[in-house]
Amino acid sequence: MTIFALVDCNNFYASCEKLFDPKLEGVPLVVLSNNDGCVVARSAEVKALGIPMGVPWFKIRDQAKQFGIQAMSSNYTLYADMSNRVVEVLEGFSPNVEVYSIDESFLLLDGFAATQSLEAYGRKIKDRVQHWLGLAVCVGIAETKTLAKLANHCAKKGHAGSAGVCDFTTIAPSELTRVLSKIEVGETWGVGRRLAPRLEKMGIHTVHDLRNANAAQIRAQFSVVLERTVMELKGIACLELEETTPDKKQIVSSRSFGQRIGAFEHLADALAFHATRAAEKLRSQDSVAGALTIFIRTNPFALKEPQYQRSITIPLPQATQDTRELVKWAGRGLRRIYRRGFAYAKAGVMLSEIRPAALAQADLFGSMEDSARSDTLMGMMDRINQRWGRGTLRTASEQAEGIWKMNRGNLSPRYTTSWSELPTVS
DNA sequence: TCTGGGGTCCTAGGACCC
DNA sequence: TCTGGGGTCCTAGGACCC
């Protein structure tokens with residue numbers, strides 16, 4: 001029998017901040033996103049005040065003043081460091097640990113029940129993280145990941161007499177039914193804000209209802225994903241522990257601007273920055289990217305202002321992890337999609353077609369500029385121009401791109417773009 | 001005035017090939 | 001005049017997670 005434990009840090013970002021500033025003890029504290037835009041973490045005191053997660057900071061500023069809520073900008077370096085320390089402690093409790101997110105890990109506890117109660121073991125985990133790092137965690141234990149998530153939820157809410165630790169593996173069936181009947185279906189891992197209302201309409205209101213649903217019917221009406229969730233709720237494990245973090249298949253660097261930006265040069269700077277960051281992430285997993293997407297957009301919340309958003313995906317002539325190369329293509333892309341006269345609010349770079357650097361396409365033609373003088377390239381150009389008409393390839397980028405496309409047996413479309421332009425709302 | 005920044009997986013439909 | 005069936009690849013969109 002497979003047993004999963006989910007260990008989840010309470011109010012993680014806020015707790016980290018309190019750890020490094022004792023004056024914040026007992027103070028209601030929120031941590032804000034980039035540019036101090038939204039609330040991304042709340043201390044227990046703030047949760048008690050009913051401040052929702054993700055709310056824009058400006059909307060609760062008055063309330064914050066009234067209740068003495070402290071706000072801090074986020075410090076992800078600090079949180080990542082604390083997260084690593086938590087994982088180190090957890091690795092002392094199981095040889096199989098999956099780091100699921102910055103504040104959550106799954107542990108495999110197979111066979112541990114033979115010598116001790118799992119609930120007691122969970123409590124040891126909780127106590128040690130508290131004593132060694134000063135961070136409070138909750139522990140949920142069950143036969144599947146989805147159930148462990150719910151057990152953790154119960155541990156947090158103090159259901160079933162748990163004080164931060166909840167073990168579903170030894171709970172009486174009638175008691176489990178009672179507990180799951182009290183949890184709304186939307187709390188289930190994998191049921192979000194779209195699915196929950198649809199399930200409600202079908203009369204599935206609680207986790208218990210979903211657990212008792214017909215899996216095949218759920219698959220037919222929703223998806224295989226939700227079917228798996230139902231199976232997991234029934235105690236049949238469909239999701240395994242993933243100990244090794246797979247390489248990213250897509251790497252994004254994007255950010256909202258502090259102030260609105262109109263000038264081409266400023267957007268170009270921002271995109272160069274994002275391309276650089278994305279390239280760093282790419283190299284850190286020793287991969288290359290075969291395509292680069294850039295996007296720019298105005299503020300979608302400013303309904304009365306003219307809206308413009310556009311993106312362009314550029315297939316790279318050769319998969320690369322080189323910063324200068326990626327910055328160069330980001331700049332070229334921007335020239336294609338930039339429009340004057342808009343107040344841009346956000347920009348970003350996405351890398352895709354990612355594969356290990358060892359599999360990078362062999363450099364058949366040398367770099368684009370160099371190859372412009374090579375006989376091989378001229379031969380290729382001739383063939384392309386013969387096949388698709390004289391002058392098909394003119395500029396250097398089109399040459400390189402055309403060759404790349406030809407290698408894949410597909411010349412067009414050269415670029416894929418999407419954009420939308422909405423009229424001003426009066 | 002001010003509204004985050006990342007990621008994943010699945011499905012449907014069209015193009016294209018044999 | 002009749003007009004198959006199976007497979008792959010690609011893209012867009014929808015859902016979810018933290």
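Each chain gets a letter, A, B and so on, in the order its sequence line appears, and its residues count up from 1. Only this structure's heavy atoms are used, side chains among them; waters, hydrogens and symmetry mates stay out. Note that the coordinates shown come from a computational prediction; the quantities given were computed from them, not determined experimentally.
Considering only the side chain of A:Q250, B:dT8 comes nearest among C:dC18, B:dC9, B:dT8. Comparing B:dC2, B:dG6, C:dC18 by their nearest atom to the side chain of A:R277 picks out B:dG6. Side-chain proximity of A:S254 to the nucleotides B:dT3, C:dC16, B:dG5 is greatest for B:dG5. Listed nucleotides B:dG5, B:dC10, C:dA15 differ in distance to A:R255; the shortest reach to its side chain belongs to B:dG5. With distances taken from any side-chain atom of A:N299 to the nucleotides B:dC10, B:dT3, B:dG7, the minimum falls on B:dT3.
Rounded to an integer number of Å, the gap from A:R228 CZ to C:dA15 C1' is 13 Å. Separating the CZ atom of A:F301 from the C1' atom of B:dC2 is a distance of 11 Å, rounded to the nearest angstrom. Atom P of nucleotide B:dC9 and atom CG of A:L195 are separated by 18 Å, given to the nearest angstrom. Straight-line distance from the CD atom of A:E240 to the P atom of B:dT8: 19 Å, rounded to whole Å. Rounded to whole Å, atom P of B:dG6 lies 18 Å from atom CG of A:D247. With rounding to whole Å, A:D62 atom CG is found 14 Å from B:dT1 atom P. Atom CD of A:Q259 is separated from atom P of B:dT1 by 16 Å (rounded to the nearest Å). The CG atom of A:N75 sits 16 Å away from the P atom of B:dG5 (whole-angstrom rounding).
Partner assigned to C:dA12 is B:dT11, using Watson-Crick or G-U wobble distances below 3.5 angstrom. The partner of C:dC18 is B:dG5, by the rule that a Watson-Crick or G-U pair needs both atom distances under 3.5 Å.
Put simply, the side chain of A:R128 never gets that close to the backbone of A:V89: no donor and acceptor are under 3.5 Å apart.
Applying the 4.0 Å criterion to OP1 and OP2 of B:dG5, one finds that A:K346 has a side-chain N or O inside that range. Distances shorter than 4.0 Å separate some side-chain N or O of A:R260 from OP1 or OP2 on B:dT3. Residue A:R219 places no side-chain N or O under 4.0 Å from the OP1 or OP2 atom of B:dT11. For the OP1/OP2 pair of B:dG5 and a distance below 4.0 Å, the side-chain nitrogens and oxygens of A:S256 include at least one atom meeting the criterion.
For the C1' atoms, the distance linking B:dG4 with C:dC17 amounts to 15 Å, nearest Å.
A:S253 comes within 4.0 angstrom of sugar-phosphate atoms only, judged by non-hydrogen atoms across all strands, and of no base. Here A:F222 lies out of heavy-atom contact (under 4.0 Å) with every strand. No engagement by A:R198 is indicated, since no non-hydrogen atom pair under 4.0 Å with the nucleic acid exists. Backbone-only engagement by A:D103 is indicated by non-hydrogen atom pairs under 4.0 Å involving sugar-phosphate atoms exclusively. Looking at heavy-atom distances under 4.0 Å, A:S352 makes no contact with the nucleic acid at all. A:I102 comes within contact range of no nucleotide atom at all, as no heavy-atom separation falls under 4.0 Å. Contacts of A:V224 with the nucleic acid, taken as non-hydrogen atoms under 4.0 Å apart, involve only primed sugar atoms and P, OP1 or OP2. Looking at heavy-atom distances under 4.0 Å, A:S223 makes no contact with the nucleic acid at all. Residue contacts shown for A:W57 are absent, as no nucleic acid heavy atom lies under 4.0 Å away.
Salt bridge status for A:E98 with A:K145: present, with a side-chain N to carboxylate O gap under 4.0 Å.
Checked against the 6.0 Å centroid threshold, A:Y344 and A:F257 do not count as a close aromatic pair.
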Applying side-chain contact (heavy atoms from CB on, under 4.5 Å), run through A:N10 and A:K156 and close with a yes or a no. CA-CA 8 Å; A:N10 301 349; A:K156 279 221 164 85; 3.3 Å; yes
